[in-house]
Amino acid sequence: WRRAAVGPALGWGDLGGPAFGPGASGARRGAHLLDRAGGFDMVWTRRFTSDCRRHVRRAERSGLTVEHGHGPSELDAFADLYARSTERWARQAGPAPVRWWVRARAEQRTKFDAAAAALGDALDVWVARQGDRPVAAIVVLSQGLTASYWRGAMDEELAGRSRANYLLHRLAIEAACQEGRHTYHM
């Protein structure tokens, strides 16, 4: 999909740097917003790149099944994939102290359970499976006119070949359009 980078109107220096205290530092952050004006057909044909559409079609042919909700089944699948992703991220991070830091910063299952309990229908977990095995999962939060991709995790080997993440985002974006959301925030 084509993503528009959106950033704050003010730069870090415009925020009065010293007001943050000595030693404070900042980092530029961007957001990606997908405008759904014109409905999903417009999003699919005009805002998704041809490569993205090809990856989605490949995922649709790969035999994946997709479920979504915020119940125990979806949360269990996401938590399992998230734990495995955290271990993969830690291995990729480098030396042992960095790996420890990555693991320590990982969010715990209790955070996801608490979010699901507090947000109810506003939290949706999308899970792609190959047979019984979870391949990829994303968590989308919705309120008002915006749906926001919050977290994602995958079995790298299976998800990469199947392009499962492309399919999950496509379905979440389509659902956001059907629900009348104006933007999908990534």
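Here the structure is a predicted model, which means the values were calculated and not measured. For reference, positions follow the sequence shown, starting with 1.
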(Q) Is it the case that the side chain of S142 and the backbone of A122 share a donor-acceptor pair, with hydrogens and angles ignored and the cut-off at 3.5 Å? (A) no
(Q) For R84, is there any backbone N or O sitting under 3.5 Å from a side-chain donor or acceptor partner on E87? (A) no
(Q) Rounded to the nearest 0.5 Å, what separates atom CG in D155 from atom CD in Q130? (A) 10.5 Å
Q.
Using the rule given for side chain to side chain contact (heavy atoms under 4.5 Å, CB included), can you reason through Y166 versus R53, listing the C-alpha separation, both sets of side-chain angles and the distance that settles it, and then say yes or no?
A. CA-CA 8 Å; Y166 285 89; R53 291 191 302 271; over 6 Å; no
Q) Under 4.5 Å between side-chain heavy atoms, hopping through other hydrophobics if needed: is there a path connecting L168 to L81? A) no
(Q) For Y149, give me all partners under ring-ring contact (aromatic ring centres under 6.0 Å, His included), at least two apart in sequence or on another chain. (A) H169
**Q.** Short side-chain to backbone donor-acceptor contact, R181 and G144, under 3.5 Å
**A.** yes
Q. Nearest 0.5 Å, what's the CG-OG distance between L167 and S62?
A. 7.5 Å
Q. Going through the distances and angles, do E67 and S73 end up as a side-chain hydrogen bond (donor to acceptor under 3.5 Å, both in side chains)?
A. CA-CA 9 Å; E67 63 189 49; S73 171; 3.2 Å; yes
Q | CD (Q143) with more than 12 external heavy atoms under 6.0 Å | A | no
**Q.** Stepwise side chain to side chain contact (heavy atoms under 4.5 Å, CB included) check, F112 with L123
**A.** CA-CA 10 Å; F112 302 123; L123 181 145; over 6 Å; no
Q: To the nearest 0.5 angstrom, please state how far the CH2 atom of W150 sits from the CG atom of D124.
A: 13.0 Å
(Q) Taking ring-ring contact (aromatic ring centres under 6.0 Å, His included) as the cut-off, I'd like each qualifying pair that reaches into residues 123-145, sequence neighbours left out, listed once. (A) H68-W126
(Q) Applying a strict under-4.5 Å side-chain criterion to I, L, V, M, F, W and Y, I'd like to know whether V56 and M154 cluster together. (A) no
